[in-house]
Amino acid sequence: MTDHDSIYHRLFSHPEMVAELLRGFLPSEWIEEFDFSGMKRMNTKYTATTGERRRGDLVWEIPTRAGGSVFILLVLEFQSDIDDWMGLRLAVYIGLLYQQLVEERRLRAVDGLPPVLPVVLYNGDSRWNAATDLRKLIRLRCGSALWPFQLRMGYHVIDEGRYSEEELKGQGSLVALFIRMQHPTTPESLLESGREVVSWFAGHPDGPPVKRLFRELIASGLRRLEDTVSLPGIPEDLEEVVNMLATQVEKWSREIERKGHREGHREGHREGEAWMLMRQLQRRFGILPEWIGERIAQAKPELLEEWGLRILDARSLEEIFSGRD
């Protein structure tokens, strides 16, 4: 699990954050009967097909006001490629979850199975387009007499990139701030989100103990600026990290402005596009080889724009940078 994935996993290991995610990004009629005060995390034992235990998925049991519980299967999806088989993957997980509940003698046959709500939280750059209904993956003609015997299951996707900055600002929640910081449009927008996070914690002294995770998130954003500016040691305090980010953004902006005056508006714009392209590539592919920075540094604005468009569909760095400069 990478540091980035770990931040997500630790954040949504807190019941307050999961409740806020569900309230903010699921239809209200789905959750109006949930009693969030009694929710608790379940220690799942099922494994992936590789035999490794999945650490990116969380199961929360939430009591309902009508009695009984609903289980939220929260899948944290960080892969750059969209999983077209997600519906099948979730059907397997739900079956294993039910099996675990039976083996632990938490269910009686007379009571039946509890409901499960599968939710995929996806943070990739491409928009989610995989089928959210398992039956759409089954090759069977319409009207076939075999349909009553096929599995039926759907899942809900929270595709972070589909929400505009204005939509997220309108929520005013800590989860919405977290998602904004995952998808900043400019360094200034990351700084704005960071300052709002500081204000949120100042106004909610009894809020969930996740302040340090936001410090780590902003620190990660600062490290992505290292190609442009030289950073001293990153402080441990959230407020100090945001102040450092403000200083670096100001330095970066002055540098771009200075280059713009010296080389003209076009070159200044090119530098901004180059910085954003590097950031998007780092976000999707992690640590980049040196040749990437060299090619971007030498590329013309038109080529930078073309590479930026290729990120949406490419499966590898080679696909993005294929062809002649």
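Keep in mind it's a predicted model, so treat the numbers as computed, not measured.
Here the CG-NE2 distance, from Leu121 to His156, works out to 10.0 Å after rounding to the nearest 0.5 Å. Note: Trp128 CH2 to Met86 CE = 4.0 Å, rounded to the nearest 0.5 Å. Distance CG/Leu11 to CG/Leu174: 7.0 Å, rounded to 0.5 Å. Trp85 contributes atom CH2, which lies 14.0 Å from atom CG of Leu90 (distance to the nearest 0.5 angstrom). One finds the CG atom of Asn129 at 4.0 Å from the CD1 atom of Ile82 (value rounded to the nearest 0.5 Å). The line from CD1 of Ile158 to CG of Leu21 is 4.0 Å long, rounded to the nearest 0.5 Å.
Cluster membership for Leu140 and Leu151, using ILVMFWY side-chain heavy atoms within less than 4.5 angstrom, is not shared. Hydrophobic clustering keeps Leu309 apart from Met276 (ILVMFWY residues linked when any side-chain heavy atoms are closer than 4.5 Å, directly or through intermediates).
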* Asked: Are Glu104 and Gln100 close enough, and set up right, to give a side-chain hydrogen bond (donor to acceptor under 3.5 Å, both in side chains), and what steps lead you there?
  -> CA-CA 6 Å; Glu104 292 177 350; Gln100 179 179 336; 3.0 Å; yes

* To do: Under the ring-ring contact (aromatic ring centres under 6.0 Å, His included) rule, what do Phe201 and Phe214 come out as? Steps first, then yes or no, please.
  => CA-CA 10 Å; Phe201 281 108; Phe214 280 85; 5.8 Å; yes

* Audit row: Thr44, Tyr93, side-chain contact (heavy atoms from CB on, under 4.5 Å) steps and yes/no -> CA-CA 10 Å; Thr44 54; Tyr93 293 166; over 6 Å; no

* Check step by step if side-chain contact (heavy atoms from CB on, under 4.5 Å) holds for Thr64 and Ser69. => CA-CA 5 Å; Thr64 65; Ser69 298; 5.8 Å; no

* Can Val18 and Glu20 be said to form a side-chain contact (heavy atoms from CB on, under 4.5 Å), step by step? -> CA-CA 5 Å; Val18 177; Glu20 203 170 81; over 6 Å; no

* To do: Take Trp291 and Phe321 through the test ring-ring contact (aromatic ring centres under 6.0 Å, His included) and record every step on the way to the result.
  => CA-CA 10 Å; Trp291 64 268; Phe321 293 93; 5.6 Å; yes

* To do: Verify salt bridge (Lys or Arg N to Asp or Glu O under 4.0 Å) between Glu166 and Arg180, making sure each step is shown before the conclusion.
  => CA-CA 10 Å; Glu166 291 306 313; Arg180 281 172 58 192; over 6 Å; no

* Apply side-chain contact (heavy atoms from CB on, under 4.5 Å) to Leu22 and Leu117, showing your working. => CA-CA 11 Å; Leu22 300 181; Leu117 175 57; 5.6 Å; no

* **Residues Ser6, Arg10; criterion side-chain hydrogen bond (donor to acceptor under 3.5 Å, both in side chains); working and verdict** => CA-CA 6 Å; Ser6 173; Arg10 285 180 288 158; 3.1 Å; yes

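The shortest side-chain heavy-atom distance between Asn123 and Tyr8 falls under the 4.5 Å cut-off. Leu74 is listed as a side-chain neighbour of Leu76, based on a closest heavy-atom distance under 4.5 Å. Side chains of Arg41 and Val59 form no contact here, defined as non-hydrogen atoms less than 4.5 Å apart. Here the side chains of Trp60 and Phe12 are not in contact, with every heavy-atom distance at 4.5 Å or above. Between Val70 and Ile31, every side-chain heavy-atom pair lies at or beyond the 4.5 Å cut-off. Side-chain contact between Leu281 and Ile320: present, with at least one pair of heavy atoms (C-beta onward) separated by less than 4.5 Å. Side chains of Met42 and Leu101 form a contact here, defined as non-hydrogen atoms less than 4.5 Å apart. The closest side-chain heavy-atom distance from Val75 to Leu73 is below 4.5 Å.
Looking at every heavy atom in both residues, Leu168 comes nearest to Ala176 through O-CB, 3.5 Å. Contact detail for Ile138 and Trp147: the closest heavy-atom pair is O-CH2, 3.9 Å. Closest of all the heavy-atom pairs between Ala274 and Ile296 is CB-CG2, 3.7 Å. The two residues Met278 and Gly293 come nearest to each other via the heavy atoms SD-CA, 4.2 Å. Taking all atoms of both residues into account, the shortest heavy-atom contact from Pro114 to Leu107 is CD-CD2, 3.7 Å. Minimum interatomic distance between Pro148 and Ala145 (heavy atoms only, all atoms of both residues): CD-O, 3.2 Å.
With salt bridges taken as basic N to acidic carboxylate O contacts below 4.0 Å, none links Arg215 and Asp237. Ion pairing of Arg106 with Glu61 is present here, as a side-chain N (NZ or NE/NH1/NH2) and a carboxylate O approach within less than 4.0 Å. With respect to Lys169 and Glu192, a salt bridge is recorded, a charged nitrogen being found less than 4.0 Å from a carboxylate O. Between Glu239 and Lys211 a salt bridge is recorded (basic side-chain N to carboxylate O distance below 4.0 Å).
Listed by first and then second residue, the salt bridge (charged side-chain N to carboxylate O under 4.0 Å, His left out) pairs that reach into residues 126-152 are Arg127-Asp159, sequence neighbours excluded.
Taking the ring axis of Phe36 as reference, the NZ or CZ atom of Arg23 stays within 45° of it and closer than 6.0 Å to the ring centre.
More than 12 non-hydrogen atoms from other residues, nucleotides or ligands lie less than 6.0 angstrom from CD of Glu306. Under a cut-off of 6.0 angstrom, the local environment of CZ in Arg65 is crowded, with over 12 non-hydrogen atoms contributed by other residues, nucleotides or ligands.
The backbone N or O of Leu58 lies less than 3.5 Å from no partner atom in the side chain of His9, so there is not a single donor-acceptor pair.
Taking the ring centroids of Tyr122 and Phe78, they lie at or beyond the 6.0 Å cut-off.
Residues passing the side chain to side chain donor-acceptor pair (under 3.5 Å) test with Glu32: none are found, sequence neighbours excluded.
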